[in-house]
Amino acid sequence: MKISRITSSHVLTTLDLLQVTYPEASCALTHQNPWQLLVATILSAQCTDVRVNLVTPVLFKRFLDPASLAVADQVEVENLIRSTGFFRNKAKNLIGCAAALVRFHKNVVPQELTALIALPGVGRKTANVVLGNAFDIPGMVVDTHVGRVARRLGWATARTPEGVEEQLCKLLPSGRWTQTAHVLIFHGRQCCRAQTAWCSACPVVDRCPQVGVGRQK
DNA sequence: ATCCCGAGGG
DNA sequence: CCCTCTGGAT
């Protein structure tokens, strides 16, 4: 199958199959607005969404908006988010983030990648999650897993992460960018591995143009 | 004991 | 590139 024959709906179906196979890969952060999503995403580093969702309601009840969090006592914030890990860094970043929004962004979350990354505690990954899930702006972090799996599935041909990102964003339907990156990472780690692919156990073998590439487990 | 859907700093 | 920051799950 050539790349030109890969359609959006074909990709979507494949994605759904992968999602069913790796349910834990789906993003389950609860939020009502970009600000809450930003906070939840910062907290989600090295921590499950379930644990993040346990602390955010308390945090948002105590600090309603960026303005109140910006002047919060760091130790109080630390105690509220302790169970999400890296709590000292996260508390400092959360407060710093809120302060930057107040100071430079009129209290609202910016919609530009560079502006988001400039916020404390916000890197490429967090920024892309916020852009995609809160503003529906295309973008995803392409690591080696995402690149390899996307190429094997025929969804991308580019060799650089940036090239793959561009091809995937064009191919994928609105709002599926971060979810796709995540599910491809899971698939790449657990089944479609770099050295030994496990095609006989692959949930999407029949949709893969390169079944049997490389060594097989 | 080891791994994790990350970010920042050396 | 390598390290560190942390708790919780496995």
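Atom set for the values below is all heavy atoms of this structure, side chains included, hydrogens, waters and symmetry mates excluded.
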In this structure, how many angstroms lie between the [atom2] atom of [N] and the [atom1] atom of [X], rounded?
X: R88(A); N: dG8(B); atom1: CZ; atom2: C1'; value: 16 Å
X: F186(A); N: dC3(B); atom1: CZ; atom2: P; value: 16 Å
X: F86(A); N: dC5(B); atom1: CZ; atom2: C1'; value: 13 Å
X: I42(A); N: dC5(B); atom1: CD1; atom2: P; value: 18 Å
X: I81(A); N: dA7(B); atom1: CD1; atom2: P; value: 15 Å
X: Q179(A); N: dC5(B); atom1: CD; atom2: P; value: 16 Å
X: R176(A); N: dC5(B); atom1: CZ; atom2: P; value: 20 Å
X: Q46(A); N: dG8(B); atom1: CD; atom2: C1'; value: 13 Å

Practice task
Please state the P separation for the pair dT6(C) and dG10(B) - nearest whole angstrom.
Solution key: 16 Å
inquiry  = What's the gap between dT4(C) and dT2(B) when it is taken at their P atoms, as a whole Å value?
reply    = 15 Å
*Would you find a donor on one side and an acceptor on the other, under 3.5 Å apart, between the side chain of D65(A) and the backbone of S68(A)?*
yes
Does Q19(A) reach the main-chain N or O of V183(A) with its side chain, forming a donor-acceptor pair under 3.5 Å?
-> no
Report, one line per pair, each donor and acceptor closer than 3.5 Å where one atom sits in a side chain of residues 104-132 of chain A; sequence neighbours left out.
none

Donor-acceptor list for residues 136-151 of chain A side chains, cut-off 3.5 Å, not counting sequence neighbours:
from	atom 1	to	atom 2	distance (Å)
D136(A)	OD1	S174(A)	OG	2.9
D136(A)	OD1	G175(A)	N	3.3
D136(A)	OD2	S174(A)	OG	2.5
D143(A)	OD1	H145(A)	N	3.1
D143(A)	OD1	V146(A)	N	2.8
H145(A)	ND1	R148(A)	NH2	3.1
R148(A)	NE	C192(A)	O	3.0
R148(A)	NH2	G188(A)	O	3.0
R148(A)	NH2	C192(A)	O	3.0
R151(A)	NH1	A158(A)	O	2.9

NA contact type, [X], heavy-atom cut-off 4.0 Å: base, sugar-phosphate, or nothing?
X: V129(A); value: nothing
X: T126(A); value: sugar-phosphate
X: S44(A); value: nothing
X: G85(A); value: base

The side-chain contact (heavy atoms from CB on, under 4.5 Å) partner of L29(A) among L43(A), V39(A), T56(A), T41(A) is T41(A)
Footprint ends on DNA chain C, 5' to 3', for atoms under 4.0 angstrom from a heavy atom of chain A, come out as dC5(C) to dG8(C)
DNA chain B nearest-nucleotide lookup for E24(A) and P120(A): closer to the 5′ end is E24(A)
Of I185(A) and N93(A), the one whose closest nucleotide on DNA chain B sits nearer the 5' end is I185(A)
**Report entry** Short side-chain N/O contact to dG6(B) OP1/OP2 from K125(A), under 4.0 Å
**Finding:** yes
Taking 4.0 angstrom as the limit, do E78(A) and K90(A) come out as a salt bridge?
no
Given side chains that start at C-beta, do those of W177(A) and N133(A) come closer than 4.5 Å, heavy atoms only?
no
